[in-house]
Number of protein chains: 2
Amino acid sequence: MLTDRQLLILQVIVDDFIRSAQPVGSRSLSKKDEISFSSATIRNEMADLEELGYIEKTHTSSGRVPSEKGYRYYVDHLLSPQALNKQDISIIQSIFAEKIFEFEKIIQKSARILSELTNYTSIVLGPAASFNKLKRIQIIPLNKETAVAIFVTDSGHVENRTFYLPPTVDASDLEKTVNILNERLTGVALEDLNDKIYKEVAMLLRQHIRNYDLMMHTIADSLKMPVNEKLFFGGKTNMLSQPEFHDISKIRTLLQMIDHEEWIYPLIKNDSAGINIKIGRENNNSAMENCSLITATYSVGAESLGTIAILGPTRMEYSRVISLLQFLSKDLTSVLTNLYQKY
Amino acid sequence: MLTDRQLLILQVIVDDFIRSAQPVGSRSLSKKDEISFSSATIRNEMADLEELGYIEKTHTSSGRVPSEKGYRYYVDHLLSPQALNKQDISIIQSIFAEKIFEFEKIIQKSARILSELTNYTSIVLGPAASFNKLKRIQIIPLNKETAVAIFVTDSGHVENRTFYLPPTVDASDLEKTVNILNERLTGVALEDLNDKIYKEVAMLLRQHIRNYDLMMHTIADSLKMPVNEKLFFGGKTNMLSQPEFHDISKIRTLLQMIDHEEWIYPLIKNDSAGINIKIGRENNNSAMENCSLITATYSVGAESLGTIAILGPTRMEYSRVISLLQFLSKDLTSVLTNLYQKY
DNA sequence: GTTAGCACTCATTGAAGCTGAGTGCTAATT
DNA sequence: AATTAGCACTCAGCTTCAATGAGTGCTAAC
């Protein structure tokens with residue numbers, strides 16, 4: 001167990017290193033206001049902290065730098081919650097000046113503003129459309145061979161799929177099909193559509209349509225493609241100005257990862273609701289070695305809808321970022337809740 | 001006017017520098033097979049070429065490097081068209097394995113493969129939807145206040161806009177409106193819709209709908225937002241491996257530009273049909289100082305639809321890139337032409 | 001338990017010197 | 001008159017070396 005003095009020293013080291021990006025030495029520590037004992041004492045304490053794994057040296061005679069364990073302890077126990085200043089608050093609230101149904105724009109603006117406020121990279125996972133409820137299906141034939149199926153949800157989200165028309169299907173078949181689909185599927189969540197089609201619609205189609213199974217498989221097929229939540233980024237290049245990324249090869253791996261959306265999902269998705277902090281190797285991703293990722297979820301009611309995240313160096317301003325994310329996710333949640341309660 | 005020998009020397013210098021990224025000296029030139037005169041002669045010729053502005057030195061005693069003027073001359077007069085090898089051709093043709101109506105996927109794959117084949121950054125401007133012809137309009141009310149308007153084109157492209165319903169409009173008004181719109185606007189190019197609405201539809205609406213003008217403005221408004229062609233990128237981080245971008249600040253400006261799509265449009269858009277080459281400052285963009293941009297258009301019939309482009313260092317393999325772009329744009333054009341001729 | 005003092009380490013900086021790839025110029029050669 | 005050999009010169013880049021200073025650990029005194 002760490003003594004109070006050790007905690008104080010650890011905290012000051014982390015704070016100082018976050019600010020300066022320079023290893024922290026005993027002499028410079030001893031000069032701080034918070035600290036009333038000599039550099040020699042600090043050296044002794046630092047030796048202990050190092051033995052315990054909370055801090056490390058970059059070389060034998062260098063100052064100390066927090067280890068991942070040190071950051072973890074700092075985040076878990078030493079973080080002094082920091083109130084946002086008024087300017088930050090009003091900047092965040094300016095996000096919601098858009099008309100609320102232009103939700104994509106709100107999300108995009110959130111990403112941009114988060115990255116501008118923090119100078120880190122922001123990642124926002126758009127609201128999952130998969131449990132939006134179906135409002136209407138339309139099928140519009142383009143020519144003899146192809147048609148577009150359009151799915152509109154109660155939230156105004158529109159999905160569309162082009163597909164080959166089975167050659168035996170004629171206009172009246174299509175119309176009947178659409179009617180049946182609308183009758184049976186309105187109000188069903190997108191993610192349940194496929195299920196429902198086989199369970200409830202199949203039989204009806206059989207009664208009314210020749211070659212019903214071809215038609216049905218065609219439609220079911222077009223629904224199989226996952227409704228992907230969109231990712232939005234802000235400040236992709238911000239990491240270039242962080243001193244820990246002066247090395248081209250590190251930048252390259254990191255930017256490469258950021259540009260592969262499919263690698264981002266696992267990083268930010270399987271988190272529980274609320275604020276989550278992953279430090280360095282906790283992200284299980286070699287490109288994230290020197291990075292921390294802080295995520296927050298936004299939701300409507302109890303259902304969490306999407307995620308906002310900040311990707312920065314492990315030497316990140318945790319306190320500030322957490323405050324910003326908390327604030328923004330709260331606002332997003334309330335905007336969304338308002339939006340959805342209308343329906 | 002340059003002598004044949006000067007042309008030869010210029011060509012070899014550019015070729016060699018493109019390959020090696022190292023300033024080219026007279027001695028190493030004299031050793032090449034193509035060159036049968038001594039290094040002293042070459043030095044004299046190089047002095048002349050330098051005076052004429054085709055090559056330059058990086059410092060007083062360094063070898064020579066092509067200037068922008070030198071690249072320009074090389075591209076305009078010295079380029080030996082290079083045939084693609086079979087492997088490249090088959091890789092490019094693999095792009096078209098997708099079902100042709102998944103055109104976005106084809107475009108995306110084109111971007112990826114171009115960047116993989118060249119190790120540069122590729123930019124593909126998706127087909128302009130703006131002159132697709134309208135196939136069908138649907139308006140689907142979400143609740144009392146909002147509705148989604150859906151525009152389907154003959155090519156299967158779907159646009160949608162959420163808008164506030166004027167409070168005085170009821171369901172039958174909406175239905176009538178949609179009928180009128182479909183009757184009058186089917187076959188009209190998206191870009192002409194706004195025009196046509198005011199010229200032809202306004203009157204009809206007035207006859208059938210109360211508060212017709214509110215309705216009309218609402219609909220016209222939702223069409224005002226430009227139908228933006230989408231940009232697709234490949235190999236955004238490829239420039240990091242180019243030796244001229246070992247400098248972080250150069251990389252930063254370049255990547256920042258790439259991430260601002262609105263800055264990319266002017267770079268690749270106002271070009272005439274066919275292959276266009278912009279070298280360094282010819283791009284009129286400070287972030288592009290050390291870059292060249294080669295663009296090619298693809299089209300359907302006479303109408304050019306979109307652009308594919310390669311962004312590389314000025315020290316780019318012009319010949320190869322041009323061949324690749326020519327080949328791919330021809331293929332895209334023929335695929336698109338097939339696709340559109342069906343309708 | 002705390003601190004002053006001291007010997008030690010090591011990254012960083014800058015000067016000095018060397019090397020090698022390049023140049024321009026001149027005089028000899030073809 | 002054009003080409004080339006020869007030579008003096010330049011300069012980036014590398015290596016070496018010493019000095020600097022911010023840091024350490026340890027010990028003995030307070």
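Side-chain atoms are counted along with the backbone in the values below, which use heavy atoms only and exclude waters and symmetry mates. Residue numbering restarts at 1 for every chain, and letters A, B, ... go by the order of the sequence lines.
- B/Ala21 and B/Pro243 get closest at one heavy-atom pair: CB-CG, 3.8 Å.
- Using a 4.0 Å cut-off on heavy atoms, none of the residues of residues 7-21 of chain B approach DNA chain C.
- Across every non-hydrogen atom of A/Arg112 and A/Ser115, the tightest pair is O-OG, 2.8 Å.
- For A/Ser38 and C/dT2, the shortest distance from a side-chain N or O to OP1 or OP2 is not below 4.0 Å.
- Taking atom CZ of residue B/Phe37 and atom C1' of nucleotide D/dT3, one finds them 11 Å apart after rounding to whole Å.
- Between the side chain of A/Thr121 and the backbone N or O of A/Gly235 there is at least one donor-acceptor pair closer than 3.5 Å.
- The minimum heavy-atom distance between A/Ile310 and A/Ser122, with the atom names listed, is CD1-CB, 3.8 Å.
- Here the closest non-hydrogen pair linking B/Ile18 and B/Arg315 is O-NH1, 2.6 Å.
- If you take CG of B/Leu29 and C1' of D/dT3, they are 17 Å apart, rounded to a whole angstrom.
- Closest approach of B/Ser329 to B/Ala296, counting heavy atoms only: CB-CB, 4.1 Å.
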Open item on the list: Generate the contact string for nucleotides 20-30 of chain D. Rules: B means base contact, S means sugar-phosphate contact only, - means no protein heavy atom under 4.0 Å.
Closed with: ---BBB-----

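- B/Glu282 and B/Ile277 make their closest contact through OE1-O, 3.8 Å (heavy atoms, listed as atom of the first residue, atom of the second, distance).
- In this structure, A/Glu45 atom CD and C/dT2 atom P are separated by 8 Å, rounded to whole Å.
- The aromatic rings of B/Tyr54 and B/Tyr73 sit perpendicular, their planes meeting at an angle over 60°, well past the 30° parallel limit.
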